[in-house]
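What follows is a set of notes on a single structure, which appears directly below.
Note that ligands are numbered from 1 as they come in the structure, with each ligand's atoms numbered from 1 the same way.
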Amino acid sequence: MLEDEFSDVLKKAQRGTGLSAEALATITGITAAQLRAWSAGKGAPSEDEARAVGAALRMDPGRFADAAAQRWHPEDIAVADVRHHPQAPHPSNGYVFFLDGGEKAALVDPAGVPANLLRILREGKYALQYILITHKHADHCDATADVARAFPQAKIVMHAADVAAIGSLGARALKLSDGDDLPFGQDVRVRMLHTPGHTDGSSSFVFRSTVFTGDTLFAGSVGGAYGDASTYEDILGSVRTKLFALPDDTVIMPGHGPPSKIGWEKAHNPFFAD
Ligand SMILES: [Fe+2]
């Protein structure tokens with residue numbers, strides 16, 4: 001199942017564009033009551049209705065209609081050197097990635113019940129080198145102190161704009177800027193992309209042909225725009241200019257929902273048009 005249902009996509013686009021049900025009704029001729037029912041998850045528009053609403057919301061009309069009819073889902077993807085784990089009790093995704101041979105590892109988003117996370121991190125015979133944090137929300141970083149205590153040699157990495165979320169640990173965090181990269185083993189580098197919009201400090205991390213996108217880009221959707229300074233236009237711009245610049249076969253490992261690929265999102269994500 002995709003992270004966002006059609007009603008979520010509709011609500012995010014309405015909030016982002018500032019178009020109320022009444023404003024959309026005026027543009028599309030569909031009643032505000034009907035539009036409100038769809039955004040509450042009751043029923044779904046016809047093809048023509050969905051295309052009209054999608055166009056009014058400055059989305060790709062055909063892809064928006066596909067979302068309404070639940071016509072697209074990414075194929076299953078597994079990546080050998082990346083392991084996914086749920087962040088219970090949160091609904092978010094955590095990831096550990098490895099170098100060949102497994103002697104070095106990095107964690108993406110330390111969140112959830114610390115004991116679960118520490119068990120996962122102690123399963124392999126490796127040194128945890130980095131604790132990478134995609135953004136400041138609790139479901140992505142509320143176990144930072146526990147992981148940092150258990151792996152004191154691991155470097156905490158995040159963008160300065162979100163670092164207040166980890167309290168006093170922020171002082172020892174590596175605050176990277178867009179395009180900075182970190183050495184990982186002999187010849188691999190982990191690159192940080194600053195992708196603001198969901199939060200001001202939202203970041204994505206590129207490891208080989210995988211990108212961890214946090215709540216910036218999901219399969220078939222984007223995160224909500226909750227930045228203090230950054231906006232809905234910023235999150236769309238972050239995806240267009242930073243993430244869609246990656247090769248099409250780059251695997252997306254998002255903060256919520258299933259993995260996807262850059263090429264698939266370019267072709268199917270309703271928030272973007274050709
Ligand atoms: Fe978030």
Check your understanding: Arg36 side chain to Ala21 main-chain N or O, any donor-acceptor pair under 3.5 Å?
Key -> no

Review point. Are Phe184 and Phe97 an aromatic pair by the rule of ring centers under 6.0 Å?
Key: yes

Point to revise | Sub-6.0 Å ring centroid separation between His85 and Tyr95 | key: no

Practice item. Report yes or no: do Asp215 and His140 form a side-chain donor-acceptor pair below 3.5 Å? Key: yes

**Study point:** Under 2.8 Å from the Fe ion (ligand 1) - protein N/O/S, by chain and number
**Key:** His135 NE2, His137 ND1, His198 NE2, Asp215 OD2

Check your understanding: For the side chain of Asn269 and the backbone of Ser221, is there at least one donor-acceptor N/O pair under 3.5 Å apart?
Key -> yes

Practice item. Please write out which residues are connected to Tyr126 in a hydrophobic cluster, directly or through intermediates, given that two of Ile, Leu, Val, Met, Phe, Trp, Tyr count as joined at side-chain heavy-atom separations below 4.5 angstrom. Key: Val96, Phe98, Leu107, Leu117, Leu118, Ile120, Leu121, Leu128, Ile131, Ile133, Val147, Phe151, Ile156, Met158, Val163, Ile166, Leu169

